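Structure, as structure tokens:
Order of the sequence lines sets the chain letters (A, B, ...), proteins ahead of strands, with each chain counted from 1. None of these values were measured; they are calculated from a predicted model.
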2 protein chains.
Amino acid sequence: MHPLFHYINNYATTLLSKDDFGFVLSHFISKKIRRRQYLLQEGEICKYFGFIVKGAMRKYLLDEKGGEHVVDLYVENWWAGDRESFVRFTPSTYNIDAWEDSELLLVSREDMLKLRSECPSFNELVLKLDEYNNIAAQKRITSAISLTSEKRYEDFVERHPYFVQRFPQHIIASYLGVTKDTLSRVRKKVIKK
Amino acid sequence: MHPLFHYINNYATTLLSKDDFGFVLSHFISKKIRRRQYLLQEGEICKYFGFIVKGAMRKYLLDEKGGEHVVDLYVENWWAGDRESFVRFTPSTYNIDAWEDSELLLVSREDMLKLRSECPSFNELVLKLDEYNNIAAQKRITSAISLTSEKRYEDFVERHPYFVQRFPQHIIASYLGVTKDTLSRVRKKVIKK
DNA sequence: AAAAAATATCGACAAATGTCTACGCTGTAT
DNA sequence: ATACAGCGTAGACATTTGTCGATATTTTTT
């Protein structure tokens with residue numbers, strides 16, 4: 001079964017028929033990108049949101065000193081893109097690149113809106129995703145402002161064990177808002193327990 | 001003109017008639033709460049989202065040591081509530097209380113869904129708000145993990161000058177994820193500029 | 001196989017932040 | 001008028017985190 005088909009029906013309450021899925025899929029563009037290649041670069045407008053069929057990606061930004069700050073991590077069945085740029089057609093401040101060779105299904109803003117209005121299951125999916133994302137974002141903010149780095153890491157491992165497997169520690173450190181050295185120290189403490 | 005009427009028409013593309021607004025308003029419950037009173041307490045289920053007609057409120061959580069961590073600030077024309085609890089009917093981990101005497105318009109999950117399905121302008125409002133909230137949350141996460149406390153504060157003042165007027169520094173410090181002492185130090189630096 | 005790049009850890013030191021106590025100021029309640 | 005609580009700042013000290021250089025190991029490239 002196609003990963004996207006499975007994914008949509010996992011969210012929607014009214015199941016999508018094979019035919020309807022064909023209609024949905026016809027609005028996506030298949031794309032393979034290699035490790036280190038960009039899906040989006042700072043300054044570009046995010047024209048497509050990408051559903052990750054296979055692979056691992058990250059979204060990050062660069063500070064004045066050229067340091068990378070990882071904002072999001074993605075693996076299979078996640079969506080990669082910069083929402084603000086996608087919705088408002090403004091140049092993005094983020095970079096999105098592939099951490100592993102990846103296979104994506106791209107959809108434009110226009111087709112996204114078309115699918116939402118013409119396919120109720122797809123619309124339902126998007127609404128639920130939005131809700132989920134809002135809740136997840138709230139949790140991440142809460143974690144960032146109220147937890148110690150040690151607890152943030154433990155929380156992260158518990159909630160995203162698949163990320164721990166697929167991204168190196170310095171990427172995870174950046175995602176947690178600390179340096180790789182600090183994460184190394186934190187891990188030493190945590191492992192002792 | 002009623003603040004909520006003005007607010008909805010500010011977001012919706014198709015304007016709401018006076019009659020339709022009456023229909024919308026009939027699903028809201030008016031409530032006044034005094035400074036320090038709770039709209040929501042940890043452990044409760046968030047049964048209502050509150051549109052703030054007048055006043056100032058905050059959402060925060062308590063850590064093991066009893067310390068408060070401010071997660072959100074609200075003033076007029078903002079919505080106060082815990083989305084996760086509201087949507088999933090789970091006990092909230094947050095507290096929401098009034099920082100100033102406030103007037104709210106409360107709406108239940110049920111009525112919210114009813115309004116969304118029966119009033120297109122209201123639905124449009126909610127969708128746009130969700131989008132806005134998602135984007136704002138992303139920015140706040142980015143700010144938390146990639147900026148120094150000094151820049152976070154400058155960013156905050158620039159983006160939310162009305163908050164600076166209405167909440168004391170120790171509340172703002174908590175919102176930014178630092179102690180009041182640190183914010184005091186940061187401000188001393190910033191003012192020198 | 002050899003060379004290069006990426007990764008993780010460590011120690012030493014510096015910088016940032018938290019913690020605690022104290023002080024003065026303000027507005028409010030009594 | 002007095003007492004009190006809330007607020008912002010300050011200094012001293014402890015803790016955490018960042019920075020930098022070094023190293024060992026692994027992985028990737030040539």
Side-chain angles (χ1 to χ4, degrees), chain A residues 34-37 55-58 60 62-70 73 97-102 143-157 163-193, chain B residues 34-37 56-58 60 62-70 73 97-101 143-157 163-193:
Chain A
R34 285 273 177 78
R35 173 173 164 80
R36 300 287 187 190
Q37 275 191 325
M57 310 188 70
R58 59 181 187 148
Y60 64 95
L62 300 173
D63 60 29
E64 327 77 55
K65 295 171 189 162
E68 295 178 352
H69 297 273
V70 176
L73 297 175
D97 68 4
W99 190 253
E100 302 172 3
D101 295 347
S102 301
S143 158
I145 65 170
S146 69
L147 299 183
T148 62
S149 58
E150 193 172 325
K151 291 208 172 165
R152 285 208 303 284
Y153 177 67
E154 291 176 328
D155 206 48
F156 176 83
V157 171
F163 283 162
V164 179
Q165 313 290 349
R166 296 177 71 174
F167 294 96
Q169 282 179 36
H170 67 274
I171 298 289
I172 291 170
S174 179
Y175 178 89
L176 295 174
V178 297
T179 60
K180 66 183 170 56
D181 310 85
T182 296
L183 182 57
S184 182
R185 284 190 277 243
V186 165
R187 274 169 46 84
K188 202 159 74 173
K189 274 195 202 166
V190 172
I191 291 170
K192 271 190 182 169
K193 287 184 177 175
Chain B
R34 286 272 177 78
R35 173 173 163 80
R36 300 287 187 188
Q37 274 191 326
M57 310 188 69
R58 59 179 187 149
Y60 64 94
L62 299 173
D63 59 29
E64 327 77 54
K65 295 170 188 162
E68 294 179 353
H69 297 272
V70 176
L73 297 175
D97 68 4
W99 190 252
E100 302 172 2
D101 295 349
S143 158
I145 66 170
S146 69
L147 299 184
T148 62
S149 58
E150 194 173 322
K151 293 209 170 164
R152 286 209 301 285
Y153 177 67
E154 291 176 330
D155 206 49
F156 175 83
V157 171
F163 283 162
V164 179
Q165 312 290 350
R166 297 176 72 173
F167 294 97
Q169 282 179 38
H170 67 272
I171 298 289
I172 291 170
S174 179
Y175 179 90
L176 294 174
V178 296
T179 60
K180 66 180 171 56
D181 310 85
T182 295
L183 182 57
S184 182
R185 286 189 277 242
V186 165
R187 275 170 45 85
K188 202 160 71 173
K189 274 195 202 168
V190 172
I191 292 168
K192 272 191 183 172
K193 288 186 179 176

Identify the two heavy atoms, one from [X] and one from [Y], that lie closest to each other, and give their separation to 0.1 Å.
| X | Y | result |
| --- | --- | --- |
| Ser149(A) | Val178(A) | CB-CG1, 4.1 Å |
| Asp63(A) | His69(A) | OD2-NE2, 2.8 Å |
| Glu68(A) | Ser174(A) | O-OG, 3.4 Å |
| Ser102(A) | Met57(A) | OG-CG, 3.9 Å |
| Trp99(A) | Arg35(A) | O-NH1, 2.6 Å |
| Phe167(A) | Ile172(A) | O-CD1, 3.6 Å |

**Terminal axis angle for the helix from dA1(C)-dT30(D) to dT30(C)-dA1(D), five pairs an end, nearest 10 degrees** = 40°
**Prompt:** Got more than 12 heavy atoms from elsewhere within 6.0 Å of CZ, Arg34(B)?
**Reply:** no
**Request:** Anything under 4.0 Å to a heavy atom of chain B counts; send over the first and last such nucleotide of DNA chain D, read 5' to 3'.
**Result:** dC7(D) to dA12(D)
**Asked** How does protein contact run along nucleotides 6-25 of chain C, one letter per nucleotide 5' to 3', with B for base contact, S for sugar-phosphate only, - for none, heavy atoms under 4.0 Å?
**Response** -SSBB-B----BBBB-----
**Item:** Verdict with reasoning, Asp97(A) to Arg58(A), per salt bridge (charged side-chain N to carboxylate O under 4.0 Å, His left out)
**Value:** CA-CA 6 Å; Asp97(A) 68 4; Arg58(A) 59 181 187 148; 2.9 Å; yes
**Item:** Interatomic distance, Arg36(B) atom CZ to Asp101(B) atom CG [nearest 0.5 angstrom]
**Value:** 11.5 Å
**Item:** Tyr175(A) ring center within less than 6.0 Å of Phe156(A) ring center
**Value:** yes
